[in-house]
Amino acid sequence: MDQSTTTATSPSSTHYFSIFTNYPLISAVTSFTIAQFIKLFTSWYRERRWDLKQLIGSGGMPSSHSATVTALAVAIGLQEGFGGSHFAIALVLASVVMYDATGVRLHAGRQAEVLNQIVYELPAEHPLAESRPLRELLGHTPPQVVAGGMLGSATAVTGYLFFRIATS
């Protein structure tokens with residue numbers, strides 16, 4: 001067995017910690033975290049109360065899903081090139097997630113709102129009158145998705161510049 005085969009199959013301690021220097025992953029997680037914190041403040045601005053559920057919830061401004069997948073795609077494009085297959089996969093993933101946020105998930109939330117209203121108006125003796133309400137805030141409006149995409153792009157570019165400066 002030659003040296004290259006041994007190195008490729010044996011784990012090293014630096015191999016496990018390389019996840020902490022994975023620029024696309026760091027960009028995606030950072031963008032998600034920033035979006036969730038922004039939601040906390042946009043919720044406060046809209047309702048004039050702090051809602052800590054916004055830190056982990058879906059829906060709202062900006063779309064953290066869109067921010068995450070856009071940051072991932074842009075970071076991969078900046079790191080590996082926009083003509084490669086990795087970028088193509090990330091771009092298609094981002095497109096599907098963003099389309100789903102404004103389509104299926106948005107409409108499912110609107111249907112949940114209507115169903116909750118119907119259940120609320122049921123007489124008290126009806127078997128469904130005491131059912132737990134459905135979650136209504138599931139999807140995003142197009143401006144929320146665009147804002148998430150812009151946040152993700154800005155996060156990836158900022159991270160790219162930071163890593164370039166740090167490694168030069």
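Minimum interatomic distance between Ala94 and Val69 (heavy atoms only, all atoms of both residues): CA-CG2, 3.5 Å. Shown here for Val145 and Ser66, the closest heavy-atom pair between the two residues is CG1-OG, 3.4 Å. Across Ala71 and Ser27, no two heavy atoms sit closer than the pair CB-O, 3.6 Å. Looking at every heavy atom in both residues, Pro24 comes nearest to Gln79 through CD-OE1, 3.2 Å. Between Thr68 and Phe32 the shortest heavy-atom distance is OG1-CB, 3.1 Å. Nearest heavy-atom pair, Ala90 versus Ala73, reported as atom, atom and distance to 0.1 Å: CB-CA, 3.6 Å.
Under the ring pair (Phe, Tyr, Trp, His ring centres under 6.0 Å) criterion, Phe162 pairs with no residue at all, not counting sequence neighbours. When the side-chain contact (heavy atoms from CB on, under 4.5 Å) test is applied to Phe163, the partners found at least two apart in sequence or on another chain are Tyr23, Ile26.
Hydrophobic clustering of Ile, Leu, Val, Met, Phe, Trp and Tyr side chains at less than 4.5 Å, counting indirect connections, keeps Ile165 apart from Tyr160. Ile89 and Val97 sit in two unconnected hydrophobic clusters of ILVMFWY residues. Membership requires side-chain heavy atoms under 4.5 Å apart, directly or through other members. Linking Ile, Leu, Val, Met, Phe, Trp and Tyr residues whenever their side-chain heavy atoms come within less than 4.5 Å places Leu78 and Leu93 in a single cluster. Taking hydrophobic clusters as Ile, Leu, Val, Met, Phe, Trp and Tyr residues chained together by side-chain heavy-atom distances below 4.5 Å, Val92 does not share a cluster with Phe82. Under the 4.5 Å side-chain contact rule for hydrophobic residues, Tyr99 and Val146 do not share a cluster.
Here the side chains of Thr102 and Thr141 are not in contact, with every heavy-atom distance at 4.5 Å or above. A 4.5 Å side-chain heavy-atom check between Thr70 and Met98 finds at least one atom pair inside the cut-off. Side-chain contact check for Leu161 versus Val157: some heavy-atom pair is nearer than 4.5 Å. Looking only at side-chain heavy atoms (C-beta outward), Ile76 and Leu91 stay at 4.5 Å or farther from each other.
How far CD1 of Ile34 is from OG1 of Thr155: 4.0 Å, rounded to the nearest 0.5 Å. In this structure, CD1 on Ile38 lies 11.5 Å from OG on Ser63, to the nearest 0.5 angstrom.
Residues Gln36 and Ser64 bring a donor and an acceptor atom of their side chains to less than 3.5 Å of each other.
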